[in-house]
Amino acid sequence: QVQLVESGGGSVQTGGSVRLSCVVSGYIYGTYSMGWFRQGPGKSSEGVAALDQYGDATYADFAKDRFFISKDGPKKTLYLQMNNLKPEDTATYFCAADAPHYVGSGMLSADAYRYRGQGTMVNVSS
């Protein structure tokens, strides 16, 4: 059974940084894409960043130049480094894995993935 568990969320002031982690347990065949998503209070979920199975990254416009997605393959861990955080970044962030039929901006849709975690909350105060 595949499980994804996020960690690293918390409270931070505007301009601060947070690093989120997502650990994958269980077996997923071959190399696979992974992504980060978020859902703010009263908002629908949106894609933040994703890595395809070759390691190429795709970012949402709001994430470019502030957020950085990376992966440690042997540790089966996905990271999201978030810098220069703003109050509008307040959200529950969750990760997802394995979107075999999608590339590029298509990976920024959570519905593309077979597995997802429960999320970790990030609160940015002004």
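In this text, all values refer to a predicted model and were calculated from it rather than measured experimentally.
- Among all heavy-atom pairs drawn from A49 and L80, the shortest one is CB-CD1, 4.4 Å.
- Legend: disulfide bond (SG atoms under 2.5 Å apart) pairs involving residues 34-66, not counting sequence neighbours: none detected.
- Considering every non-hydrogen atom in both A50 and Y113, the closest pair reads CB-OH, 3.5 Å.
- The backbone N or O of P87 lies less than 3.5 Å from a partner atom in the side chain of T90, making a donor-acceptor pair.
- With hydrophobic clusters built from ILVMFWY side chains whose heavy atoms lie under 4.5 angstrom apart, F68 shares a cluster with W36.
- Here the CZ-OG distance, from F37 to S45, works out to 8.0 Å after rounding to the nearest 0.5 Å.
- Taking 4.5 Å as the limit, some side-chain heavy atom of L20 sits within range of a side-chain heavy atom of T120.
- Of all heavy-atom pairs between G9 and V122, the closest is CA-CG2, 4.1 Å.
- Both tests hold for R38 against F62: distance to the six-membered ring centre under 6.0 Å, angle to the ring axis within 45°.
- Side-chain atoms of R66 never come within 3.5 Å of backbone atoms of M82 as a donor-acceptor pair (strictly under, hydrogens ignored).
- Here the straight-line distance linking atom CZ of R116 with atom CE of M34 works out to 13.0 Å at 0.5 Å rounding.
- The line from CG of D98 to CD of Q53 is 9.0 Å long, rounded to the nearest 0.5 Å.
- Following chains of ILVMFWY side-chain contacts shorter than 4.5 Å, one cannot reach V5 starting from Y32, and the two form parts of different hydrophobic clusters.
- Every pair passing side chain to side chain donor-acceptor pair (under 3.5 Å) that includes a residue from residues 70-86 is listed here, sequence neighbours excluded: S17-N83, Q81-N83.
- Note on ring orientation: taking the six-membered ring where Trp is involved, the planes of Y93 and F67 are perpendicular (angle over 60°, cut-offs 30° and 60°).
- Of the possible donor and acceptor atoms, none in the side chain of Q3 sits under 3.5 Å from a partner among the backbone N and O of G26.
- Heavy-atom minimum distance, L108 versus V48: CD2-C, 4.1 Å.
- Here the side chains of V103 and D52 are not in contact, with every heavy-atom distance at 4.5 Å or above.
- The number of heavy atoms from other shown groups lying within 6.0 Å of OH (Y54) does not exceed 12.
- Atom OG1 in T31 sits 11.5 Å away from atom CG in L51 (nearest 0.5 Å).
- One finds the OH atom of Y59 at 6.5 Å from the CD1 atom of I69 (value rounded to the nearest 0.5 Å).
- Residues L4 and C95 share a closest heavy-atom pair of CD2-SG, 3.6 Å.
- Atom CD of Q39 sits about 10.5 Å away from atom CE of M121, to the nearest 0.5 Å.
- One hydrophobic cluster, built from ILVMFWY side chains closer than 4.5 Å, holds both V2 and L78.
- Without hydrogens or angle criteria, Q13 side chain to S126 main chain gives no donor-acceptor distance under 3.5 Å.
- Taking both residues in full, the closest heavy atoms of S33 and A99 are given as OG-N, 2.9 Å, listed atom of the first, atom of the second, then distance.
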